[in-house]
2 protein chains.
Amino acid sequence: MEPIRRASLIKATIAEIGLAGSLEVTVSRIAKRAGMSSALAHHYFGSKEALFLAAMRDVLRLYGAEVRGALAAAEGAEGRARAVIRASFSPANFRREVIAAWLNFYVLAQSQPQARRLLRVYQRRMVSNLRHALRPALGDRAGVVSQGIAAMIDGVYLHAALGPLAADPTAAAALVEDYLTRELECRA
Amino acid sequence: MEPIRRASLIKATIAEIGLAGSLEVTVSRIAKRAGMSSALAHHYFGSKEALFLAAMRDVLRLYGAEVRGALAAAEGAEGRARAVIRASFSPANFRREVIAAWLNFYVLAQSQPQARRLLRVYQRRMVSNLRHALRPALGDRAGVVSQGIAAMIDGVYLHAALGPLAADPTAAAALVEDYLTRELECRA
DNA sequence: TTGTTTATTGACTCGTCAATCAACAAAAAA
DNA sequence: TTTTTTGTTGATTGACGAGTCAATAAACAA
């Protein structure tokens with residue numbers, strides 16, 4: 001039972017965060033959506049905070065899987081870099097609840113050490129993926145450019161999720177790819 | 001009295017948001033910090049939500065003033081673009097409470113129409129400033145590149161505020177400027 | 001069968017907090 | 001001086017919510 005309950009609760013947590021847009025969500029609502037009493041949610045997760053962290057971890061896990069899949073299917077070094085970018089703008093990442101999870105994740109990372117650690121791991125892995133793909137073409141510049149692209153992915157995602165780029169993930173990815181193209185085309 | 005009280009409350013609100021890292025801040029705490037009763041805070045702002053919005057508006061106003069100042073002091077078109085970028089990474093924007101305000105602003109923009117409107121205005125103005133500065137050098141590409149830079153500013157800010165770039169605003173600005181340099185150097 | 005672990009909940013505790021209101025004070029207008 | 005407007009608060013209300021607990025049931029082991 002335990003793994004089933006935990007999975008249901010995590011799913012319900014993400015759904016409720018998406019609905020509220022924030023972490024102002026009650027354990028009762030989450031438990032209700034998952035079809036159980038709030039006491040049981042506390043039984044399995046101990047606290048609301050732990051439940052949130054598990055949910056965040058789940059979002060990251062899904063995103064990581066997507067990136068790995070895209071990397072595996074990509075051809076060549078440049079192709080791998082572009083695959084990472086495109087995976088970051090897949091429709092899955094623009095579902096209301098995923099956007100909400102990310103934004104609240106950032107907020108949580110300010111004050112919650114575990115959330116911060118989690119975010120760092122994600123950012124490091126992203127930069128590492130990009131650097132590995134760009135090293136052959138860019139050499140020493142690969143590090144800086146990878147950081148730039150990683151940051152730009154998050155920034156463009158933010159704009160696409162909340163701003164004028166809304167609802168056009170393809171155009172969003174194109175912006176980041178444009179940067180990559182410039183760096184590849186005219187090497188210093 | 002009214003303008004003084006309002007200003008104190010806004011200042012206290014930003015400070016408390018910075019302290020908590022989130023919007024989970026009580027009107028009482030804010031009022032206490034501002035040296036008055038919570039009833040008075042409600043008297044002047046009507047609701048917690050209105051107080052938050054006023055605080056967000058204040059953060060945006062300060063940022064806008066900084067950008068305008070930098071623009072006025074800049075020389076040439078390219079200089080103006082670089083001024084916008086550098087202003088975005090000024091120490092003022094990396095104060096704990098300003099970071100907290102921005103992150104929570106994004107969260108709020110998902111569900112609060114006024115916050116969303118405010119954010120759109122800020123984003124539009126930023127892109128418009130950049131486009132105006134880049135038009136002479138980039139022509140038709142100015143629009144796309146401006147959107148890219150605007151997004152990258154927010155993304156790099158996010159990384160600098162929460163991630164590995166932490167505490168090095170100059171390096172952060174350099175990442176964005178690198179993108180600009182590429183676009184200027186090798187025109188398609 | 002009996003005892004033990006696992007699953008589950010309703011009811012409850014204890015605390016918090018936004019918003020209201022009646023009342024008081026003080027300045028300004030009449 | 002009286003009246004009105006403005007500034008101010010303590011006390012209260014009404015609601016909500018995290019976490020606990022005792023109790024029940026069901027599977028399972030001895």
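We name chains A, B, ... by the order of the sequence lines, and we start the count at 1 in each one. If you're wondering where the values come from, they're calculated on a predicted model, not measured in any experiment.
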Atom pairs and distances, donor-acceptor, side-chain atoms in residues 99-106 of chain B, under 3.5 Å, two or more places apart:
unit_1	atom_1	unit_2	atom_2	d
B:N104	ND2	B:G21	O	3.1
B:N104	ND2	B:A100	O	2.8

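- Nearest heavy-atom pair across B:S8 and B:A34 is O-CB, 3.8 Å.
- Judged as a side chain to side chain contact (heavy atoms under 4.5 Å, CB included), and not counting sequence neighbours, the contacts of B:S128 are B:R131.
- Distance NE2 (A:H42) to C1' (D:dT20): 9 Å, rounded to an integer number of Å.
- DNA chain C lies under 4.0 Å from no heavy atom of any residue of residues 49-57 of chain B.
- Evaluation of the salt bridge (Lys or Arg N to Asp or Glu O under 4.0 Å) test over residues 19-35 of chain A, restricted to residues two or more places apart or in two chains, returns A:E16-A:R29, A:E16-A:R33.
- When the side chain to side chain contact (heavy atoms under 4.5 Å, CB included) test is applied to B:S47, the partners found at least two apart in sequence or on another chain are B:E49, B:A50.
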What nitrogen or oxygen pairs link the protein and nucleotides 5-14 of chain D at under 3.5 Å?
unit_1	atom_1	unit_2	atom_2	d
D:dT8	OP1	B:R5	NE	3.4
D:dT8	OP1	B:R5	NH2	2.6
D:dT8	OP2	B:R5	NE	2.9
D:dT9	OP2	B:S37	N	3.1
D:dT9	OP2	B:S37	OG	3.4

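- Among residues at least two apart or in separate chains, salt bridge (Lys or Arg N to Asp or Glu O under 4.0 Å) pairs with a member in residues 70-91 of chain A are A:E78-A:R82, A:R82-A:E177, A:R86-A:E177.
- The footprint of chain A on DNA chain C, defined by a heavy-atom cutoff below 4.0 Å, extends from C:dA7 to C:dG10.
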Acceptor/donor pairs from residues 116-123 of chain B side chains to any protein atom, 3.5 angstrom cut, sequence neighbours excluded:
unit_1	atom_1	unit_2	atom_2	d
B:R116	NH1	B:A109	O	3.4
B:R120	NH2	A:G163	O	3.4
B:Y122	OH	B:D154	OD1	2.9

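- Listed in residue order, the members of residues 12-33 of chain A having a heavy atom less than 4.0 Å from DNA chain C come to none.
- Every residue meeting the side chain to side chain contact (heavy atoms under 4.5 Å, CB included) condition with A:D58, not counting sequence neighbours, appears here in chain and number order: A:I10, A:I14, A:R61, A:L62.
- Residues meeting the side chain to side chain contact (heavy atoms under 4.5 Å, CB included) test with A:A92, sequence neighbours left out: A:E66, A:S90, A:R95.
- Two residues are said to be in side-chain contact when any heavy atoms from C-beta on lie closer than 4.5 Å; A:E183 and A:L134 fail this criterion.
- Residues A:I17 and A:E97 fail the side-chain proximity criterion, which asks for heavy atoms closer than 4.5 Å.
- A donor-acceptor pair is defined here as one N or O able to donate and one able to accept, closer than 3.5 Å; no such pair exists between the side chain of A:R182 and the backbone of B:Y179.
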